[in-house]
Student: 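Pasting in a structure now, in structure tokens, and then I'll have a few things to ask.
From a predicted model like this one, the values you see are computed outputs, not experimental measurements. Every chain is numbered from 1, with letters handed out A, B, ... down the list of sequences.
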2 protein chains.
Amino acid sequence: MTTTGSPAEPLAIGEVAARTGLSVHALRLYEREGLLVGPVGRTSGGRRRYTAADVEWLLICVKLRESGMPLADLKRFAELVRQGPGNEAERLRLLDAHRRRVEAQIRALEECRSVIAWKVGVYAEHLARGEADGLWDPTA
Amino acid sequence: MTTTGSPAEPLAIGEVAARTGLSVHALRLYEREGLLVGPVGRTSGGRRRYTAADVEWLLICVKLRESGMPLADLKRFAELVRQGPGNEAERLRLLDAHRRRVEAQIRALEECRSVIAWKVGVYAEHLARGEADGLWDPTA
DNA sequence: CTACGATCTCGACCAAGGTCTAGCTCAAGT
DNA sequence: ACTTGAGCTAGACCTTGGTCGAGATCGTAG
């Protein structure tokens, strides 16, 4: 149990990369860009030591990124958290707006999916019949 | 009825932009990049004239782009269609692979949505209680 | 005929989000 | 002590998917 769960010991950047799926490069980028809530700890030698809380935040970041939140918004959110209590309404607004965008995106994708599925069906049918004549094909 | 439906008359680029939602710049880009099935017609003066089929293809392109298909794949698809009959299996593979990706993306987004919705719920609850103490907040 | 808006080509530019390199340091195993 | 693998910084570079501008041309309405 040295590479699983939520360790009490702070983690090196490579470990964090492994468990967040971000590259070490990306991790350093995120830090430079101010996407982290607090400054990352360092060893006496200058190496980053991520706490469990850091990793947790990064995992949230990953989810938000996956769902298309731009780094700038993530940064804004991190700033709000960094500022401490008092701005929860704004945090909520930010997250909720994003949730709405995600839902819209899901709906759009579902529509795309059905268009694509239909097209796939058309091709499959023609193939099954062995006669795939010029579907949208102006040259045939 | 001059700007609706599927006109028999070929359309100018601005018209096509209006009905596909792509900018004229993007339309020219797509053409340069070989995303169109056939060469676009031109007037004697050198202006593009898009046929209804061109527009239809572009609408498909828009859907595929919206669902995250990279231009390179779109180009590949256009090439296959351009080559004429005989490669329908590959076209099918391409589309179906994309469909799978879209579905995976939808699932991922749905997961993100639930994570976000939960977070939103946490904030909303704390706000309602008027006590939003350091949620993930290392400084509080 | 003339003016004006829409197009044309070509090439520069942009923003996001990373990735990669160079040159150096740190730390852990043997 | 030595080697080796991670990590460090700074900054250059990359890809995607466009956008924008200059300068010329087309074509249509007066």
Side-chain angles (χ1 to χ4, degrees), chain A residues 2-3 7 9-36 39-51 54-55 58 60-78 98 101 105 108 112, chain B residues 2-3 7 9-36 39-51 54-55 58 60-78 98 101 105:
Chain A
T2 32
T3 54
E9 294 302 295
L11 298 171
I13 196 170
E15 283 294 325
V16 177
R19 42 192 99 184
T20 58
L22 296 164
S23 71
V24 296
H25 295 293
L27 282 169
R28 295 195 277 241
L29 172 69
Y30 281 19
E31 183 180 345
R32 268 204 307 286
E33 296 295 307
L35 270 60
L36 273 52
V40 180
R42 298 292 181 124
T43 65
S44 51
R47 280 136 186 251
R48 290 171 181 82
R49 316 265 50 196
Y50 292 84
T51 65
D54 291 333
V55 174
L58 281 167
I60 297 279
C61 286
V62 166
K63 278 283 165 231
L64 292 173
R65 286 289 302 125
E66 267 176 19
S67 51
M69 181 181 282
L71 294 194
D73 287 18
L74 230 28
K75 175 175 183 172
R76 178 79 190 119
F77 194 13
H98 184 59
R101 279 193 300 267
Q105 202 187 336
C112 293
Chain B
T2 31
T3 56
E9 293 303 292
L11 298 170
I13 196 171
E15 282 294 323
V16 177
R19 40 193 100 185
T20 58
L22 296 164
S23 70
V24 296
H25 295 293
L27 282 170
R28 294 194 278 241
L29 173 68
Y30 281 19
E31 183 180 345
R32 267 203 309 286
E33 295 296 306
L35 269 60
L36 273 52
V40 179
R42 300 290 181 127
T43 65
S44 50
R47 286 144 178 240
R48 291 170 181 81
R49 318 267 44 204
Y50 293 82
T51 66
D54 291 332
V55 174
L58 281 167
I60 297 277
C61 285
V62 166
K63 277 285 165 229
L64 292 173
R65 286 287 305 124
E66 266 176 22
S67 51
M69 183 181 280
L71 294 193
D73 287 19
L74 229 30
K75 175 176 183 174
R76 178 79 191 118
F77 195 12
H98 183 60
R101 279 194 300 269
Q105 201 187 337

Student: Considering non-hydrogen atoms only, spot the tightest contact between Ala78(B) and Leu35(B) and give its length.
Tutor: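 That would be CB-O, 3.4 Å.
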Student: Who pairs with Ala12(A) by side-chain contact (heavy atoms from CB on, under 4.5 Å), at least two apart in sequence or on another chain?
Tutor: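 In terms of side-chain contact (heavy atoms from CB on, under 4.5 Å), with neighbours along the sequence ignored, Ala12(A) is linked to Arg49(A).
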Student: Kindly write out the residues that satisfy side chain to side chain donor-acceptor pair (under 3.5 Å) with Arg42(A), not counting sequence neighbours, or none if the list is empty.
Tutor: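 Arg42(A): side chain to side chain donor-acceptor pair (under 3.5 Å) contacts with Glu31(A).
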Student: Looking at Asp73(A) and Arg101(A), is any side-chain nitrogen of the basic one under 4.0 Å from a carboxylate oxygen of the acidic one?
Tutor: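 Salt bridge present between Arg101(A) and Asp73(A).
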Student: Can you sort out which residues in residues 68-76 of chain A have a heavy atom within less than 4.0 Å of DNA chain C? Ascending by number, please.
Tutor: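 DNA chain C contact set from residues 68-76 of chain A: Pro70(A), Leu71(A).
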Student: Can you name the residues that form a side chain to side chain donor-acceptor pair (under 3.5 Å) with Arg65(A), not counting sequence neighbours?
Tutor: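 Arg65(A) satisfies side chain to side chain donor-acceptor pair (under 3.5 Å) with no other residue.
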Student: Side chains of Arg19(A) and Glu15(A), heavy atoms from C-beta outward: is any pair under 4.5 Å?
Tutor: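 A side-chain contact under 4.5 Å exists here.
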Student: What is the per-nucleotide protein-contact pattern of nucleotides 2-12 of chain C, from the 5' end, where B denotes a base atom under 4.0 Å from a protein heavy atom, S denotes such proximity for sugar-phosphate atoms only, and - denotes neither?
Tutor: ----BBBB---
Student: Between Ser44(B) and Arg65(B), which residue's closest nucleotide on DNA chain D lies nearer the 5′ terminus?
Tutor: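 This one resolves to Arg65(B).
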Student: Find the distance between OH (Tyr30(A)) and CG (Leu58(A)) and round it off to the nearest 0.5 Å.
Tutor: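 If I round to the nearest 0.5 Å, the distance is 8.5 Å.
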Student: I'd like to check the side chain to side chain donor-acceptor pair (under 3.5 Å) partners of Glu66(B); sequence neighbours left out, ordered by chain and number.
Tutor: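 Listed in chain order: Lys63(B).
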Student: Find the distance between CG (Leu64(A)) and CZ (Phe77(A)) and round it off to the nearest 0.5 Å.
Tutor: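 With rounding to 0.5 Å, CG (Leu64(A)) is 7.0 Å from CZ (Phe77(A)).
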Student: Who pairs with Thr20(A) by side chain to side chain donor-acceptor pair (under 3.5 Å), at least two apart in sequence or on another chain?
Tutor: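 Per chain and number, Thr20(A) pairs via side chain to side chain donor-acceptor pair (under 3.5 Å) with no residue.
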Student: Nucleotide range of DNA chain D contacted by chain B, 5' to 3', under 4.0 Å to a heavy atom?
Tutor: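 First-to-last contact on DNA chain D, by the 4.0 Å heavy-atom rule, is dG17(D) to dG27(D).
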